[in-house]
Amino acid sequence: MTCLLKMRAMRDQLSVNERKLADFILENTQLLRDYSSSQLADAVGVSQSSVVKFSQKLGYRGYPSLKLAVYESYAGAGIGGGDEPVRAFASTASPLSQLGQKKLEVLENTVSINEVDQLTAAVEAIRAARCIQISACPGSVSVARYLAHQLLELGCWAVFDEGGKLQQRISNSLRDDDLLCILCDFGGEESLVDVANRAREHGVKVLSLTRYNYNAASIHSDIRLYVVPSDDEEDLQRLLFRSAQLHVIEGLISGLLSKKG
């Protein structure tokens with residue numbers, strides 16, 4: 001996962017000054033190599049300490065580490081090389097082509113932001129679980145049903161019901177060799193935190209698949225998988241988000257199938 005992608009994904013969760021810094025870096029990536037922390041602070045109109053705190057919030061020790069990561073992302077992406085980006089879909093006015101290109105971008109960002117060890121841990125947790133409870137916010141119900149169906153076809157004991165009270169009852173009956181999967185899109189994960197906490201009281205491992213940011217569901221999870229939302233209008237953004245969720249789910253199913261073989 002590149003630091004530039006992390007900045008885009010976390011932008012909505014940043015403070016005003018942090019957002020100013022992120023926007024400046026994203027718009028002037030090629031210039032950052034020549035900026036000291038004080039010069040960046042002056043250019044953006046924030047304090048030098050804000051630059052340091054921003055760097056640390058992104059997971060770096062300080063500004064020098066952030067600057068190096070930005071440059072490596074910039075160089076690795078080949079930005080500014082003069083070559084046109086390779087497009088997987090024909091550049092036409094066709095709705096299928098335009099949607100395909102948008103899907104590809106969201107899928108690439110989602111693939112980049114998920115750590116291999118978390119994906120591996122998710123597959124292993126599913127394989128080892130006696131019972132898998134799937135809980136979802138309203139916007140992810142269709143994806144949850146799909147996951148439950150795929151797991152049942154593989155011979156796993158998976159249960160899903162979108163009723164909140166029943167989800168809590170099921171979580172109370174789980175044991176330490178079971179797994180709780182939480183799926184959520186753009187909100188509503190708070191209602192699932194109680195389900196997660198009840199399950200963890202019984203020693204149950206929690207796996208979450210949510211948007212990439214600091215959200216209640218991922219904070220209360222042992223294994224965290226993410227989707228990077230697009231910058232499109234809300235209706236299209238939800239469609240693209242669902243496509244990325246399904247891609248992650250199918251990645252897990254593929255991992256289960258490869259282990260099975």
Side-chain angles (χ1 to χ4, degrees), residues 103 106-107 110-111 113-186 188-212 215-228 238 241-261:
K103 276 188 178 182
V106 171
L107 294 184
T110 295
V111 168
I113 215 160
N114 283 290
E115 306 292 343
V116 174
D117 60 343
Q118 290 292 295
L119 289 163
T120 302
V123 171
E124 293 302 325
I126 293 171
R127 290 183 68 242
R130 179 190 70 99
C131 175
I132 303 162
Q133 178 189 346
I134 303 169
S135 297
C137 67
S140 295
V141 166
S142 61
V143 180
R145 287 188 181 130
Y146 176 77
L147 173 59
H149 177 75
Q150 292 296 315
L151 292 176
L152 288 169
E153 286 217 329
L154 288 175
C156 301
W157 180 14
V159 292
F160 169 67
D161 187 278
E162 54 189 288
K165 290 184 178 180
L166 183 55
Q167 287 184 10
Q168 291 182 1
R169 289 178 183 174
I170 296 173
S171 64
N172 284 333
S173 68
L174 296 177
R175 307 186 324 211
D176 59 5
D177 54 352
D178 296 330
L179 177 69
L180 171 64
C181 294
I182 292 179
L183 307 180
C184 206
D185 50 14
F186 291 94
E189 68 274 352
E190 293 82 2
S191 63
L192 301 174
V193 172
D194 186 49
V195 176
N197 286 336
R198 286 171 183 263
R200 296 185 77 175
E201 287 174 1
H202 296 282
V204 176
K205 188 172 289 187
V206 179
L207 161 65
S208 64
L209 174 57
T210 68
R211 67 199 183 288
Y212 181 75
N215 62 78
S218 63
I219 289 172
H220 290 79
S221 300
D222 302 290
I223 305 170
R224 302 174 179 90
L225 300 178
Y226 298 105
V227 169
V228 181
R238 288 185 179 278
F241 191 96
R242 192 177 304 116
S243 296
Q245 276 185 315
L246 288 170
H247 187 69
V248 175
I249 295 300
E250 288 174 341
L252 297 179
I253 299 302
S254 176
L256 291 168
L257 287 171
S258 63
K259 291 286 184 179
K260 189 176 180 180

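What's counted below: heavy atoms across the whole structure, side chains too, no hydrogens, waters or symmetry copies. One is the number of the first residue; the rest follow in order along the sequence.
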_Go through it in stages, so that I can follow the logic: the residues are Glu124 and Arg127, the test is salt bridge (charged side-chain N to carboxylate O under 4.0 Å, His left out), and I'd like the CA-CA distance, side-chain angles, deciding distance and then a yes or no._
CA-CA 5 Å; Glu124 293 302 325; Arg127 290 183 68 242; 3.3 Å; yes
*So, do Leu154 and Leu257 sit near enough that their side-chain heavy atoms are less than 4.5 Å apart?*
yes
*Distance in Å, His247 NE2 paired with Ser254 OG, rounded so as to fall on 0.5 Å steps*: 9.5 Å
*salt bridge (charged side-chain N to carboxylate O under 4.0 Å, His left out) partners of residues 217-226, not counting sequence neighbours, each pair once*: Arg200-Asp222
*Reported CG-to-CZ distance for the pair Leu246 and Phe241, which is rounded to 0.5 angstrom*: 11.0 Å
*asked:* Give me the atom names and distance for the closest heavy-atom approach of Ala217 to Val193.
replied: N-CG2, 4.4 Å
_Straight-line distance of Tyr226 OH to Thr210 OG1, nearest 0.5 Å_ = 6.0 Å
*Indicate the atoms forming the closest heavy-atom contact of Leu256 with Val123, along with that distance.*
CD2-O, 3.7 Å
_So Gln133 and Val195, do their side chains get closer than 4.5 Å, heavy atoms only?_
yes
_Just so I know, are the side chains of Leu174 and Cys131 near enough to count as touching, which here means a heavy-atom distance under 4.5 Å?_
yes
*Scan residues 128-141 for pairs that pass salt bridge (charged side-chain N to carboxylate O under 4.0 Å, His left out), counting only residues two or more places apart or in two chains.*
Arg130-Asp177, Arg130-Asp178
_Gap separating the OG atom of Ser135 from the CD1 atom of Ile182, nearest 0.5 angstrom_ = 6.0 Å
*Just how far is it from atom CG of Leu207 to atom OG of Ser218, taken to the nearest 0.5 Å?*
11.5 Å
*asked:* By the definition side-chain contact (heavy atoms from CB on, under 4.5 Å), identify the one residue from Leu180, Val159, Leu151 that meets it with Ile134.
replied: Leu151
*For Val228, which of Val111, Leu107, Ile113, Asn114 qualifies under side-chain contact (heavy atoms from CB on, under 4.5 Å)?*
Ile113
_To check you understand the geometry: which heavy-atom pair defines the closest contact between Cys156 and Ile132, and what is its length?_
CB-CD1, 4.2 Å
Pairs under 3.5 angstrom only: tabulate donor-acceptor contacts from the side chains of residues 138-148 to other protein residues two or more places apart or in another chain.
residue: Ser140; atom: OG; partner: Asp185; partner atom: N; Å: 3.4
residue: Ser140; atom: OG; partner: Gln245; partner atom: NE2; Å: 3.1
residue: Arg145; atom: NH2; partner: Glu162; partner atom: OE2; Å: 2.5
residue: Tyr146; atom: OH; partner: Glu250; partner atom: OE2; Å: 3.0

*Shortest non-hydrogen contact between Leu183 and Leu192, atoms and distance*: O-CD1, 4.1 Å
_Could you tell me if the side chain of Ile223 sits less than 4.5 Å from the side chain of Lys205, heavy atoms only?_
yes
